[in-house]
Amino acid sequence: MSVMLHESPVNHISAIDRSGIASPVINSKDYNLQEINAKKDNAQQPAGWRTFLSFVGPGFLVSLGYLDPGNFETDLQAGADHRYELLWVILIGLIFALVIQSLAVNLGVCTGKHLSEICKAEYPIFVKYCLWLLAEIAVIAADIPEVIGTAFALNILFKLPLWVGVLLTGFSTLLFLGIQRYGVRKLEGIAVLVLVMAGCFFGEMRYVKPPAGDLLKGMFIPKLGGPGATGDTIALLGALVMPHNLFLHSALVLSRRIPNSVHGVNDACRYFLIESGFALFVAFLINVSIVAVSGTVCSGKNISSDSLDRCNDLSVHSASFLLRNVLGNSSSTLYAMALLASGQSSTITGTYAGQFIMQGFLELKMRKWLRNLITRCIAIIPSLIVSIIGGSSGAGRLIIIASMILSFELPFALIPLLKFSSTTTKMGPHKNSMIIIVFSWVVGVGIIGINIHYLSTTFVNWLIHSTLPKVAIIFIGMLVFPFMAIYVLSVLYLMFHKDVVTLEPRKLDRNADREDLADMYSATEMSFVNSSVI
């Protein structure tokens, strides 16, 4: 990474040289360049849809994180406990996810650097290491649902004890990571795995027929009623808006060749926005279908006693009965296969996010299989303990707790992103519009406020109703309240931190658009050759 320091109170860092960018491994192959050049010469400009397809991939790969076992667990719990009342959380969460993912994309495209690299340059060394540690914790917290979901799938398919399945997950993803040697396009092709689960729940909705009026009411009228609604809301938000995805998306877009022109940069940002919007719309439909099916089945008037018992202790381990109308006697087997695919494909996004986080903050590169193994081993420890002591119900509860941790972690990736993308010192003329700035900060501060309110009120209620001796309660309060104060102060520090680093804006050639059309056409054709191998 080339760094230029100027003798002035403000540091300037070049945003042009990409030679040090840690992009995903993209192996080149032998292409018929003469044929490509001939097509380029015969065309005045590339077809719009072909140009768009050359940018497709990062958004769908990131969207796997919104369809992992953690999402299934929180959606199932929300539907079973609150019917359709929390659908508005999914709607707002995914709209907000689209906005901040587009901000992460714009940051990477316009600066040539991803979020963790800019954090490293912007903050003091102590803050930098704290942000790195929190980002790593977020990756591990996101990996816990994948571990437990995969263990559930192995238990359903092969009747393995849950703790054995947890141990086996330490090696299962290494097989999928082996695909990365053939290029990031092959990994992006794994996104089709989520369609397995989507088709099942969409088909089930045709049988259970959830009332459209109640669905729309739950989607557009915010409501937090009933016990545990606030906690389930935080878990839903944590599963939908995951902090490590912001680091990942800002880095993945650097694997695409961005034309060095105003027109090229604007087109790239627009294409990535369209792709992310479509991917998250699909994710939205899938999450809504899961909540609708679980809410309709578990609140049905003619529900059987067996189904009622399962609804009272619903988790990803026992949810296959919801799909019996579509899959019949094969529901558990096909459900487990889809759950296994979801867990494995989502783990790939976590591995790449962790790799970019480590490279950006520490300039440390590690083999992906080793990186995955270390993260997975750390995530296995709490999963193994809970699966042995608490069984499937305890493991399902751990998924909810992990999603809550992600929600509490969100400010430490979200606030730097909002600040960097809204200032001319980082983005130059491409900074956020006032509408985006206001919307992002209002929703972001709202999520942070819900987290702090839930954390404080839950802990205070626990202290009040605890049966522990008063000495123990005082001791626990003396330990926990300072951590809560540090959390609030850390959030405020990030919000009011003054920029000290200026990224030199990309030197765009406004007369280079015509040359970039020909170059983009060549890149598009090469991507089609590459995609044909998938």
Side-chain angles (χ1 to χ4, degrees), residues 1-24 62 100-101 103-140 142 242-255 350-368 371 374-375 409-428 430-431 490-491 493-506:
M1 184 189 310
S2 63
V3 178
M4 297 190 303
L5 298 179
H6 298 264
E7 295 181 358
S8 65
V10 180
N11 293 332
H12 296 259
I13 296 183
S14 171
I16 302 171
D17 182 11
R18 292 190 179 187
S19 59
I21 294 298
S23 299
V62 171
I100 61 176
Q101 291 296 344
L103 298 186
V105 166
N106 295 346
L107 185 70
V109 170
C110 297
T111 66
K113 289 176 168 56
H114 51 81
L115 180 58
S116 57
E117 289 179 318
I118 302 177
C119 287
K120 175 183 179 296
E122 174 67 31
Y123 295 109
I125 186 169
F126 176 75
V127 178
K128 176 191 74 174
Y129 282 116
C130 288
L131 290 177
W132 166 73
L133 183 60
L134 289 169
E136 294 287 3
I137 293 174
V139 173
I140 294 170
M242 291 181 284
H244 66 283
N245 271 352
L246 304 182
F247 294 102
L248 175 64
H249 210 167
S250 66
L252 282 179
V253 295
L254 301 180
S255 66
T351 301
Y352 268 86
Q355 183 78 352
F356 287 124
I357 288 169
M358 182 177 292
Q359 290 175 343
F361 280 107
L362 307 180
E363 296 183 356
L364 178 63
K365 190 173 183 178
M366 184 182 295
R367 293 182 181 274
K368 292 181 178 61
R371 165 77 209 191
I374 293 175
T375 303
E409 289 263 8
L410 181 61
F412 301 102
L414 175 61
I415 294 177
L417 175 63
L418 294 181
K419 295 200 66 175
F420 295 159
S421 61
S422 301
T423 60
T424 55
T425 58
K426 302 296 188 297
M427 299 289 287
H430 300 284
K431 73 172 186 177
S490 300
V491 171
Y493 169 82
L494 292 177
M495 292 177 65
F496 296 102
H497 173 77
K498 185 178 180 180
D499 285 356
V500 296
V501 171
T502 298
L503 294 180
E504 292 186 357
R506 178 195 289 271

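Treat the numbers as computed from the prediction; the structure is a model and nothing was measured. Heavy atoms only: backbone and side chains are in, while hydrogens, waters and symmetry mates are out.
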At their closest point, which heavy atom of [X] faces which heavy atom of [Y], and how far apart are they?
| X | Y | answer |
| --- | --- | --- |
| Leu254 | Ser250 | CG-O, 3.8 Å |
| Met358 | Leu364 | CG-O, 3.4 Å |
| Phe356 | Ser116 | O-OG, 3.2 Å |
| Leu246 | Leu115 | CB-CD2, 4.2 Å |
| Glu136 | Ile357 | OE2-CG2, 4.1 Å |
| Glu409 | Pro243 | CB-CG, 4.0 Å |

With heavy-atom distances below 4.5 Å as the criterion, would you say the side chains of [X] and [Y] are in contact?
| X | Y | answer |
| --- | --- | --- |
| Trp132 | Cys119 | no |
| His114 | Phe247 | no |
| Leu107 | Met427 | yes |
| Tyr123 | Pro416 | yes |
| Leu248 | His244 | no |
| Asn106 | His430 | no |

Between Val127 and Tyr493, is the side chain to side chain contact (heavy atoms under 4.5 Å, CB included) condition met? List the steps. CA-CA 10 Å; Val127 178; Tyr493 169 82; 3.8 Å; yes
Is it true that Lys419 and Glu122 make a salt bridge, defined as a side-chain N closer than 4.0 Å to a carboxylate O?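 No, no charged N to carboxylate O under 4.0 Å.
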In chain order, what residues pass the side chain to side chain donor-acceptor pair (under 3.5 Å) check against Ser490, with sequence neighbours excluded? none
If you round to the nearest 0.5 Å, how far is [atom2] of [Y] from [atom1] of [X]?
| X | Y | atom1 | atom2 | result |
| --- | --- | --- | --- | --- |
| Phe412 | Leu417 | CZ | CG | 15.0 Å |
| Leu362 | Lys120 | CG | NZ | 9.0 Å |
| Leu103 | Ser422 | CG | OG | 7.0 Å |

Has Tyr129 got more than 12 heavy atoms of other residues, nucleotides or ligands less than 6.0 Å from its OH?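 12 or below, so no.
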